There are 2 protein chains.
Amino acid sequence: MSQHRHPGAPGRAGAVPALPDLPEATVARLPEYLRALHNLAETGHETVSSEGLASAAGVNSAKLRKDLSHLGSYGTRGVGYDIALLVDQIESVLGLTQCRSVALVGVGNLGHALAGYDGFASRGFRIAALLDADPSRVGEEINGLVVRHIDELPRVAVEEAIAIGVIATPAPAAQAVADQLVAVGVTSILNFAPCVLSVPEGVDVRKVDLAIELQILSFHEHRKASLTALPAAGGSALTALPGGLAVTDTQEAIGT
Amino acid sequence: MSQHRHPGAPGRAGAVPALPDLPEATVARLPEYLRALHNLAETGHETVSSEGLASAAGVNSAKLRKDLSHLGSYGTRGVGYDIALLVDQIESVLGLTQCRSVALVGVGNLGHALAGYDGFASRGFRIAALLDADPSRVGEEINGLVVRHIDELPRVAVEEAIAIGVIATPAPAAQAVADQLVAVGVTSILNFAPCVLSVPEGVDVRKVDLAIELQILSFHEHRKASLTALPAAGGSALTALPGGLAVTDTQEAIGT
DNA sequence: AGGCGCTTGTGAAGACGTGCACAAATCGCG
DNA sequence: CGCGATTTGTGCACGTCTTCACAAGCGCCT
């Protein structure tokens with residue numbers, strides 16, 4: 001399929017030493033650390049303590065230290081972490097030293113927005129192709145890119161060296177698109193369609209469902225409402241809300 | 001703030017017995033079950049086994065049974081789950097029996113798409129207000145809703161009984177918006193801006209970062225590439241890819 | 001040079017989530 | 001009426017993740 005090759009050393013110290021088999025939970029947090037580090041670097045910092053970086057990333061400092069230790073960290077006791085070095089390390093581990101090309105399938109409401117989202121380019125991803133099955137959408141130009149028909153995927157995949165596929169189609173079309181992506185050698189898929197994709201082993205699928213997030217919030221909202229309503233009485237009471245409300249672990253309040 | 005009340009019984013058997021303090025992991029999966037159940041209901045099914053529902057939702061059947069048992073499930077041994085009853089149960093637990101009003105702040109690229117996303121309405125959420133700080137965007141009509149200035153938030157929050165705030169602004173503006181939302185009594189926020197929000201206790205924040213998802217995929221892509229490249233030799237080898245590839249837990253391949 | 005304060009890295013314990021495997025329960029059929 | 005097929009609900013063991021607490025290491029100041 002596609003032959004990847006890490007182009008030389010990351011830039012500074014030792015080249016990728018090994019792939020230390022990181023815990024998934026750690027991998028999921030590394031991008032957040034990376035973003036926080038970039039922010040810190042832009043504000044002129046040279047080094048940062050685990051405490052500082054942790055609060056910037058919204059996590060516990062012990063967790064952060066353990067996460068970084070997993071990738072054979074480069075901190076200095078009594079000082080902290082060298083920001084530039086750490087950025088290089090994390091980017092190297094995440095495989096961000098090379099720009100990966102993304103094919104976006106489905107140029108509807110959401111696809112349109114994703115095509116114009118500049119957060120991708122700024123993190124080293126290049127939207128290399130826009131595809132859609134609807135002929136009336138083919139030919140449209142979005143953000144400097146022309147929408148092509150999904151049947152052109154095989155050619156596009158080779159021409160643009162597509163590494164990642166993003167599915168932003170309606171749910172009924174998603175499985176077929178996924179099959180087509182897999183057929184042309186894509187092994188990483190980001191799925192925005194509200195459905196389960198079945199893919200062969202070796203293909204990674206991550207799902208983002210906006211409605212699910214709202215429903216989870218709804219649950220907590222419902223629970224909070226019950227907690228403040230039930231303890232009072234049964235009827236319709238305009239109870240003054242007590243000081244201590246419910247707490248969840250989604251994100252902790254940061255004092256400072 | 002807003003007095004919620006579950007309007008009578010869910011529709012059939014016992015009214016919400018209590019709030020059984022579900023595990024977070026379970027709560028996160030309930031919406032997925034709900035979607036699968038709706039699909040099944042539309043295709044004419046009356047009941048479904050844990051195995052069937054599990055595969056439709058992309059999870060393990062044991063996990064599904066345990067999840068459902070947490071909310072005092074209503075399955076019948078030897079038969080399965082009554083779909084209509086289960087839908088009512090889950091919707092009741094998630095607090096979806098009432099339609100919740102959402103305020104969407106930030107009508108840029110992403111906000112535009114979210115405003116037009118019909119997946120919200122179909123799951124019982126109503127986008128009740130569009131807000132933006134940019135005067136040039138105020139007054140624009142999107143999907144039948146007029147964009148209003150963020151300073152009108154206090155009035156809008158009361159008029160529309162806003163329960164959930166969605167932040168789709170650029171990162172630098174997100175914290176200020178969050179503060180404003182909290183100030184008008186919103187206790188659930190869905191944040192699309194790539195930054196950490198600091199909110200008081202009792203306020204739930206869920207974050208969706210599209211770029212982070214891509215970076216996680218990038219890591220796995222990177223790892224898969226290393227696994228197929230390193231074991232061979234050091235140089236540039238066009239190694240035939242072995243049969244057994246890497247597997248991740250994000251989503252398993254479904255054989256059937 | 002030596003001590004002191006600060007910060008990292010990590011062992012260990014606890015909390016949480018997952019999956020197996022099986023007993024209990026229900027239905028349908030002879 | 002009883003039996004077998006089927007499926008739920010769950011006790012238990014295992015693995016993963018989190019958090020605490022502290023020793024080891026580093027730089028700075030005297």
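Given the structure is predicted, the values throughout are model-derived calculations rather than measurements. Order of the sequence lines sets the chain letters (A, B, ...), proteins ahead of strands, with each chain counted from 1.
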Here the salt bridge (charged side-chain N to carboxylate O under 4.0 Å, His left out) pairs for residues 61-73 of chain B, sequence neighbours left out, are B/Arg29-B/Asp67
Rounded to whole Å, the NZ-C1' distance (A/Lys63 to D/dC20) equals 14 Å
To the nearest angstrom, the CG-C1' distance between B/Asp67 and C/dG19 comes to 12 Å
Rounded to whole Å, the CG-C1' distance (A/Leu53 to C/dT8) equals 13 Å
Discussion item. Between A/Lys224 (side chain only) and B/Thr187 (backbone N and O only), is there a donor and an acceptor less than 3.5 Å apart?
Written reply: yes
Expected rows: protein N/O vs nucleotides 14-16 of chain D N/O, under 3.5 Å:
none

Residue pairs passing the salt bridge (charged side-chain N to carboxylate O under 4.0 Å, His left out) test with at least one member in residues 30-53 of chain A, sequence neighbours excluded, are A/Glu32-A/Arg35, A/Glu32-B/Lys207
| query | Are the side chain of A/Thr97 and the backbone of A/Ser92 linked by a donor-acceptor contact shorter than 3.5 Å? | reply | no
query: A/Ser226 side chain to A/His222 main-chain N or O, any donor-acceptor pair under 3.5 Å?
result: yes
Give every pair of a protein N or O atom and an N or O atom of nucleotides 28-30 of chain C that lie under 3.5 Å apart, one pair per line with the distance.
none

Check your understanding: Are the side chain of A/Ser188 and the backbone of A/Asp204 linked by a donor-acceptor contact shorter than 3.5 Å?
Key -> no
Which of B/Leu96, B/Val27, B/Leu30 passes side-chain contact (heavy atoms from CB on, under 4.5 Å) with A/Phe219? It is B/Val27
For nucleotides 6-11 of chain D, 5' to 3', base contacts (B), sugar-phosphate-only contacts (S) and non-contacts (-) with protein non-hydrogen atoms under 4.0 Å give BBBBBB
Check A/Arg123 with B/Asp209, please: is the shortest side-chain N to carboxylate O separation under 4.0 Å? yes
Atom CG of B/Leu64 and atom C1' of C/dT18 are separated, to the nearest Å, by 13 Å
Sorted by chain and number, sequence neighbours left out, ring-ring contact (aromatic ring centres under 6.0 Å, His included) with B/Tyr117 holds for B/Phe120
Contact check, side chains of B/Leu53 and B/Leu37, non-hydrogen atoms, under 4.5 Å: yes
